[in-house]
Amino acid sequence: MYALVDCNNFYVSCERVFNPSLSYKPIVVLSNNNGCIIARSNEAKALNIPMGAPLHLYKEIIKKNNVIVYSSNYTLYGDMSSRVMNSFNYFVPDVEVYSIDEAFLNLQGFDNSIIYQKMVNMRKKVYQWTGIPVSIGLGPTKTLAKLANKIAKKYSDNGIYQITVSDQLTKILNDFNVEDIWGISKGCGNRLKKVGIYTALQLQRANPRHIRNCLSVVGERIVYELRGYPNLYLENDNVKKSITVSRSFENTVDDLPNLKKALANYIFRAAEKLRFQKGLCSGLCVFINTNRYRKKDLQYSNKGITIFDEPTNDTSLMIKRGFEVLQGIYRVKHNYKKIGVTLINFTINNKELSLKFPTMPGEKFIQGNLFSQSLLSQKKSNKFMKILDNINYRMGAGTIFYGSQGIKINLKNKKISGPLDYYKSKSFTTNWQELPKVN
DNA sequence: TCTGGGGTCCTAGGACCC
DNA sequence: TCTGGGGTCCTAGGACCC
């Protein structure tokens, strides 16, 4: 079983911890440059102020209802976040910090009969220790725990809700639209509607292969997750695979010296984060944008990448190379609104943090993405279909290699697995004849 | 006037080799 | 309808998430 613990109105709750008089009052917290509303108290939500709303469109409502407005204080939120996350460890060892205000807990190994009460205790203690109220969703998969959390927030008296695979699940899924499911965005929802799938229940009962055509392997995994078969696992290695620092300017900037000044600052901070996770990076990407909302203005956005000779965490080298990239993508006569840097290609303890599948030197294998539509549509797809018929293709997020020796499947980041033994291995090799038949 | 910042993963398909 | 076929490596860009 999994739990998804989510802090209620996190940024607002943080402000309230240090100013209890804010309780029960409508509050919003703003983004950088006070541009957008990125957190709302329940009272503010009741005023129909949406998430991410531009502040200037809601000035009137805010004034009329005496909504208290805060600029964001990320130092405070980050600090509070680690206090909350650390407190989970007191109850459960296996924790994935999913975002600043959310964590998945792996409850495998705990007796089912005590889990609910354990969560009740944890919730109480977290509030006692940190002052932050949390909601907890429980379910047999991450996706269902996410859904349970949604219900807990809305309908549960004690902030906890548990989903089990039963009639209850059927009823719940029937009540939710596909877009309410974690991982199904509006775009995916529209694609599903075109094939007649509107509710979460319809999605759960759909043919996984059919959903794969529609939404790729990502959607297919969700189908299994909704049925209660875990396809997504805890990721708690706590190591980032890319680090970005970027900001919008309060006003636009058009000259290179000022862009450089900002960029140097951001690279400095990105390098700090990199050293914090004791890693090196092999490259960086600099990007700049004009103000995309000003449709009348001349628009320009570009990015440039540089790769270092060897992995480094040397700030001054990164800044020097970052400047070179900036000079390459900088164009005069543009009013820039945003600039940023992303560090890429990380190495930790001399090991590359691969974003790609490992290649296999010396092996004569054909490589192709298991779910590549183009491959499937081509003539050679017949060969792939043969394989797909023989293995359970829902392990899909890997690369499949095959040749005279047999086939080999690499699973990415050990995340994909299933009920069969070989799913659990990182790679899988066998002769054609030995391929297991899967229903 | 005023519209955030930071992530992850998957796929298509280009480029180049024989 | 097809335009040689197979193999390898890489990356831009799209989607989705908070």
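Source: prediction; values computed, not measured. Residue numbering restarts at 1 for every chain, and letters A, B, ... go by the order of the sequence lines.
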Tell me the interatomic distance from A:Asn335, atom CG, to B:dT1, atom P, rounded to whole angstroms. 16 Å
Nearest-angstrom distance, P atom, C:dT3 to B:dG13: 16 Å
Atom pairs under 3.5 Å, N or O on each side, protein against nucleotides 14-16 of chain B: can you list them with distances?
none

Side chain to side chain contact (heavy atoms under 4.5 Å, CB included) partners of A:Thr130, counting only residues at least two apart: A:Arg83, A:Val84, A:Val126, A:Ile132
Each stem that DNA chain C is part of, given as range with range (3 or more consecutive Watson-Crick or G-U pairs, under 3.5 Å): B:5-18 with C:5-18
With a cut-off of less than 4.0 Å, is there a side-chain N or O of A:Arg221 near OP1 or OP2 of B:dC10? yes
Any side-chain N or O of A:Thr342 under 4.0 Å from OP1/OP2 of B:dG6? no
I want to check one thing: is the phosphate of B:dC2, taken as OP1 and OP2, less than 4.0 Å away from some side-chain N or O of A:Arg294? yes
Nearest to the side chain of A:Ser185, heavy atoms from C-beta on, is which of C:dC17, B:dG4, C:dA12? C:dC17
Quickly work out the A:Glu102 CD to B:dT8 P distance and round it to whole Å. 16 Å
Using a 4.0 Å heavy-atom cut-off across all strands, classify A:Lys186 as base, sugar-phosphate, or nothing. nothing
A:Thr244 side-chain proximity, nearest of C:dC18, B:dG7, B:dC10: B:dG7
In chain order, what residues pass the ring pair (Phe, Tyr, Trp, His ring centres under 6.0 Å) check against A:Phe104, with sequence neighbours excluded? A:Tyr98, A:Trp182
Side chains of A:Ser71 and A:Asn34: any donor to acceptor distance under 3.5 Å? yes
For A:Thr141 and A:Pro230, the nearest pair of non-hydrogen atoms, with its separation, is CG2-N, 3.6 Å
Does anything in residues 52-80 of chain A come within less than 4.0 Å of DNA chain B? Heavy atoms only, and list the residues if so. A:Pro54, A:His56
Suppose the criterion is salt bridge (Lys or Arg N to Asp or Glu O under 4.0 Å): which pairs have a residue in residues 185-201 of chain A, not counting sequence neighbours? A:Glu179-A:Lys193
Report the distance from atom CG of A:Asp237 to atom C1' of B:dT8, rounded to the nearest whole Å. 12 Å
Over how many whole Å does the gap from A:Phe249 atom CZ to B:dC2 atom P extend? 16 Å
What's A:Ile243 touching, base or sugar-phosphate or nothing? Going by heavy atoms closer than 4.0 Å. sugar-phosphate
Is A:Glu15 salt-bridged to A:Arg40, cutoff N-O under 4.0 Å? no
Indicate whether OP1 or OP2 belonging to B:dG5 is found under 4.0 Å from a side-chain N or O atom of A:Ser31. no
Sorted by chain and residue number, the salt bridge (charged side-chain N to carboxylate O under 4.0 Å, His left out) partners of A:Arg321 (sequence neighbours excluded) come out as A:Glu324
Whether A:Arg227 engages the ring of A:Tyr229 as a cation-pi pair (distance to the six-membered ring centre under 6.0 angstrom, angle to the ring normal within 45°) should be assessed. no
From B:dG5, C:dC18, B:dG7, pick the nucleotide closest to the side chain of A:Asn32? B:dG5
Separation of C:dC9 atom P from A:Ile307 atom CD1, nearest Å, is 17 Å
Using side chain to side chain contact (heavy atoms under 4.5 Å, CB included) as the criterion, list what pairs up with A:Ser156, not counting sequence neighbours. A:Ala152, A:Asn158
Starting from P on B:dG5, measure out to NZ on A:Lys337 and report it in whole angstrom. 9 Å
Check whether any side-chain N or O of A:Ser242 sits under 4.0 Å from OP1 or OP2 of B:dT8, and answer yes or no. yes
Give a yes/no answer on whether the side chain of A:Ser99 brings an N or O atom under 4.0 Å of OP1 or OP2 in C:dC17. no
Set of residues satisfying side chain to side chain contact (heavy atoms under 4.5 Å, CB included) with respect to A:Arg247, sequence neighbours excluded: A:Asn32, A:Val245, A:Tyr266, A:Arg269
Aromatic ring proximity, centroids under 6.0 angstrom, A:Tyr11 and A:Tyr70: no
To the nearest Å, give me how far apart CD1 (A:Ile222) and P (B:dT8) are. 19 Å
If you check the A:Lys146 side chain, which of B:dG4, C:dC18, B:dG6 turns out closest? C:dC18
d(CZ, A:Phe287; P, B:dG4) in whole Å: 13 Å
Counting any heavy atom closer than 4.0 Å, what does A:Asn33 reach on the DNA or RNA strands: base, sugar-phosphate only, or nothing? nothing
Of all the choices, C:dA12, B:dT8, C:dC18, which nucleotide is nearest to the side chain of A:Glu235 once you look at every atom? B:dT8
So what does A:Ile184 hit on the nucleic acid, given a heavy-atom distance under 4.0 Å: a base, only sugar-phosphate, or nothing? sugar-phosphate
Donor-acceptor pairs under 3.5 angstrom involving side-chain atoms of residues 293-305 of chain A: please list them, not counting sequence neighbours.
unit_1   : atom_1 : unit_2   : atom_2 : d
A:Lys295 : NZ     : A:Arg292 : O      : 3.4
A:Gln299 : OE1    : A:Thr290 : OG1    : 3.2
A:Gln299 : NE2    : A:Asn291 : O      : 2.8
A:Gln299 : NE2    : A:Arg294 : O      : 2.9
A:Tyr300 : OH     : A:Asn302 : ND2    : 2.9
A:Tyr300 : OH     : A:Ile329 : O      : 2.5

OP1 or OP2 of B:dG4 under 4.0 Å from side-chain N/O of A:Arg292: yes
N/O donor-acceptor pairs under 3.5 Å from side chains in residues 45-52 of chain A, not counting sequence neighbours:
unit_1  : atom_1 : unit_2 : atom_2 : d
A:Lys45 : NZ     : A:Asn9 : OD1    : 2.6

Quick check: on DNA chain B, is the nucleotide nearest A:Val218 upstream (toward 5') of the one nearest A:Lys273, or the reverse? Name the residue that is more 5'. A:Lys273
Mind checking side chain to side chain contact (heavy atoms under 4.5 Å, CB included) for A:Ala148 and listing every partner two or more places apart, or none if nothing turns up? A:Tyr161, A:Ile163
